[in-house]
2 protein chains.
Amino acid sequence: MCDLLKEEVYYIVIMNKKNKISVAIVDDKKDIRENLEILLNSSANIDCIGTFPNYHSAVNNIPDLEPDVVLMDINMPGKSGIDCIKNLKPKMLQTQFIMLTMYDDSEMVFEALTNGAAGYLLKRTTPHELLDSIVEVYNGGSPMSMEIARMVVDSFKQELRKNKIKEKLTKREWEILGHLSKGMRYKEIAEQLYISVETVRSHLRKIYEKLQVRSATEAVLKYLQK
Amino acid sequence: MCDLLKEEVYYIVIMNKKNKISVAIVDDKKDIRENLEILLNSSANIDCIGTFPNYHSAVNNIPDLEPDVVLMDINMPGKSGIDCIKNLKPKMLQTQFIMLTMYDDSEMVFEALTNGAAGYLLKRTTPHELLDSIVEVYNGGSPMSMEIARMVVDSFKQELRKNKIKEKLTKREWEILGHLSKGMRYKEIAEQLYISVETVRSHLRKIYEKLQVRSATEAVLKYLQK
DNA sequence: TCCACAATAGCACAAAAGTGTGAATTTTTT
DNA sequence: AAAAAATTCACACTTTTGTGCTATTGTGGA
């Protein structure tokens, strides 16, 4: 028992030494790098272990550092932060990446997130929130600025809606909607599928009901996702 | 008469000396540069006057050489062939550029062509075709691999079609088609635009005629291109 | 000034689409 | 095997669309 306890205490001491979250910074602007470094090191449980101004220095050095977290600026001249994360994340699956950017450009956000970024903050984030976010991401969370979170949620809802439609419509209904979306008339669809126009109308009635629309045009628009 | 004849002969000799098509090569791979050079010089009417391995050597030297034709590899590390042509073409409007690439990436193709490339060949082009293409481009043609030509033609057709629609439809018609493409009914469009349903129908009639369609769905599909 | 054309609007008729109700048959799920 | 859902079809009725023809008014160019 005594030995066990001793060992446990020793272990905890080691952990405490290592317990600072090691962070690397990638940003092309010198003043931002320096300010971030000062900010991070001002925190008791965060250790900034390296700053890098561009793609090449980042991909060449960060893998060896094995930081817990990387703060990555998106908008860098030449190879962007997106390129960095594409290169780095596959090599360091244990490292969490937080993207920093001035703008909430949706394309960027999704590219970053699908390439393995865990967090996405706008640069107007307060220092305090940034430090919190680092801890959060280290603990498996996904810190995001409100605007970003909203975008992500919206797109998620959109995906859900799309899947729900697919889920709701039967194979045949989906097929008929597909033909309708090529500009075909009921009659033509009927001929194409070797069924009567009445049947097509039956299906369309159900489709409209499920999609909450009242015309072919509206249904087609929903089909072509929007 | 005798003098005139003499002069003419002399002139022709000069022209023959100059008549070889001068070609410069830009490619990062040494073996390709050398093979191309040998190929070009094996032709009686082509003279390879320089080869360059990268962006900097190309932009620094090619303008002074004033070649008739430049063979430009697209896929070079660092600054690409696209960057080269962006830099060079404005300085040498008389020089024709042929892009060489392994892949028929549509974005590349269009960027190259809009930046002044006259020809675009895939690297699987045979030596004979390549020599022909150099002569062709020198004579004002636009040699392209079949796949490339097809892409260009397709996108061209698409542009044409879209412009044609816009060209044909009046402002009001375009507006009404826009509303229709939101899934609105005639009645709703009429209310929205403070006109009678009959007027909307009048416009739609003309629109359908111009777009060669027979239903709202078809018109909307054309409006949403594709 | 005259003409072409855009924008407006109306009437009439036919075709197509949308809606309510019901039902037979097949397939899938439970 | 029973229940549920999907597929098929039908009839009736209303609304919306598609189309042909016509007409008035305003506007910009030949």
Side-chain angles (χ1 to χ4, degrees), chain A residues 157-226, chain B residues 157-226:
Chain A
K157 276 198 289 191
Q158 214 171 353
E159 281 303 307
L160 272 187
R161 193 173 50 67
K162 216 163 138 186
N163 287 338
K164 226 169 213 169
I165 291 179
K166 259 189 200 144
E167 206 181 283
K168 270 188 179 172
L169 295 187
T170 68
K171 213 176 296 174
R172 196 56 154 176
E173 286 164 352
W174 199 251
E175 190 183 9
I176 286 175
L177 184 52
H179 283 116
L180 194 74
S181 298
K182 292 200 184 85
M184 293 170 83
R185 311 222 118 142
Y186 291 9
K187 198 176 165 187
E188 298 172 317
I189 297 173
E191 281 164 12
Q192 186 85 47
L193 300 179
Y194 303 108
I195 55 180
S196 82
V197 177
E198 285 303 320
T199 305
V200 175
R201 275 147 61 78
S202 269
H203 286 303
L204 262 308
R205 195 178 317 149
K206 286 225 118 187
I207 292 170
Y208 291 173
E209 194 187 321
K210 288 178 178 176
L211 300 189
Q212 303 265 314
V213 300
R214 29 200 81 256
S215 76
T217 312
E218 278 187 283
V220 167
L221 288 173
K222 283 222 171 183
Y223 177 82
L224 303 175
Q225 41 265 5
K226 184 208 71 201
Chain B
K157 274 198 291 192
Q158 212 170 352
E159 281 304 305
L160 270 187
R161 194 173 46 68
K162 215 163 146 184
N163 287 337
K164 226 170 216 168
I165 290 178
K166 259 190 199 141
E167 203 182 286
K168 271 188 184 170
L169 295 187
T170 69
K171 210 178 293 178
R172 196 57 154 175
E173 286 164 352
W174 196 251
E175 191 182 7
I176 287 175
L177 183 52
H179 283 116
L180 194 74
S181 298
K182 292 197 184 87
M184 294 169 82
R185 311 225 128 154
Y186 290 10
K187 201 175 166 185
E188 298 173 315
I189 297 173
E191 280 164 12
Q192 185 85 45
L193 299 179
Y194 303 107
I195 56 180
S196 82
V197 177
E198 287 303 322
T199 305
V200 175
R201 279 149 58 78
S202 278
H203 286 305
L204 261 308
R205 195 178 312 140
K206 285 226 115 187
I207 292 169
Y208 292 173
E209 194 187 320
K210 287 176 178 177
L211 301 189
Q212 303 266 314
V213 299
R214 280 158 299 284
S215 76
T217 311
E218 278 187 285
V220 167
L221 288 172
K222 283 222 171 183
Y223 177 82
L224 302 175
Q225 37 268 7
K226 180 155 114 248

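Quantities reported herein were computed from a predicted structural model and do not represent experimental measurements. Reminder, nothing fancy here: chain letters follow the sequence lines and each chain counts from 1.
Rounding to the nearest 0.5 angstrom, the gap separating the OH atom in A:Y223 from the NE2 atom in A:H179 is 9.0 Å.
By the 4.5 Å heavy-atom criterion applied to side chains, A:Y186 and A:L180 are counted as neighbours. Residues A:L211 and A:L177 form a side-chain contact, since some pair of their non-hydrogen atoms from C-beta on lies under 4.5 Å apart. Taking 4.5 Å as the limit, every side-chain heavy atom of B:I189 sits out of range of all side-chain heavy atoms of B:H203. Within the 4.5 Å cutoff, no side-chain heavy atoms of B:V220 are placed close to those of A:V220.
In plain terms, the two heavy atoms of A:V197 and A:K187 that are nearest each other are CG2-CA, 3.9 Å. The two atoms that bring B:E218 and B:R214 nearest to each other are OE1-N, 3.2 Å, heavy atoms only. Contact record, B:S181 with A:L221: O-CD1, 3.2 Å, taken as the closest heavy-atom pair.
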**Q.** Stepwise side chain to side chain contact (heavy atoms under 4.5 Å, CB included) test for A:I176 and A:L204
**A.** CA-CA 8 Å; A:I176 286 175; A:L204 262 308; 3.2 Å; yes
Nucleotide N/O of nucleotides 24-30 of chain D paired with protein N/O under 3.5 Å:
none

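Scored by the side-chain hydrogen bond (donor to acceptor under 3.5 Å, both in side chains) test, A:R172 finds A:E175 as partners (sequence neighbours excluded). Applying the side-chain hydrogen bond (donor to acceptor under 3.5 Å, both in side chains) rule to A:E173 yields the partners A:T170, A:K210; only residues at least two apart in sequence or on another chain are considered. With sequence neighbours left out, the side-chain contact (heavy atoms from CB on, under 4.5 Å) criterion links A:E188 to A:M184, A:R185. In this structure B:E198 satisfies the side-chain contact (heavy atoms from CB on, under 4.5 Å) test together with B:S196, B:R201, sequence neighbours excluded.
In terms of modelled atom types and a separation under 3.5 Å, the side chain of A:Y208 and the main chain of A:A216 share a donor-acceptor contact.
Taking the 5' to 3' direction, DNA chain C first and last meets chain A under 4.0 angstrom from a heavy atom at C:dA16 to C:dT21.
Sorted by residue number, the members of residues 194-210 of chain B with any non-hydrogen atom under 4.0 Å from DNA chain C read B:I195, B:S196, B:E198, B:T199, B:R201, B:S202, B:H203, B:R205. Near-neighbour residues of DNA chain C inside residues 178-186 of chain B, defined by a heavy atom below 4.0 Å, number-ordered: B:R185.
The NZ atom of A:K187 sits 16 Å away from the P atom of D:dC9 (whole-angstrom rounding). Whole-Å rounding puts the B:L177 CG to D:dT17 P distance at 14 Å.
Across its full length, the helix from C:dT1-D:dA30 to C:dT30-D:dA1 shows an angle of 60° between the axes of its 5 terminal pairs at either end, rounded to 10 degrees.
Checking the phosphate oxygens (OP1, OP2) of D:dT7, a side-chain nitrogen or oxygen of A:T170 falls inside 4.0 Å.
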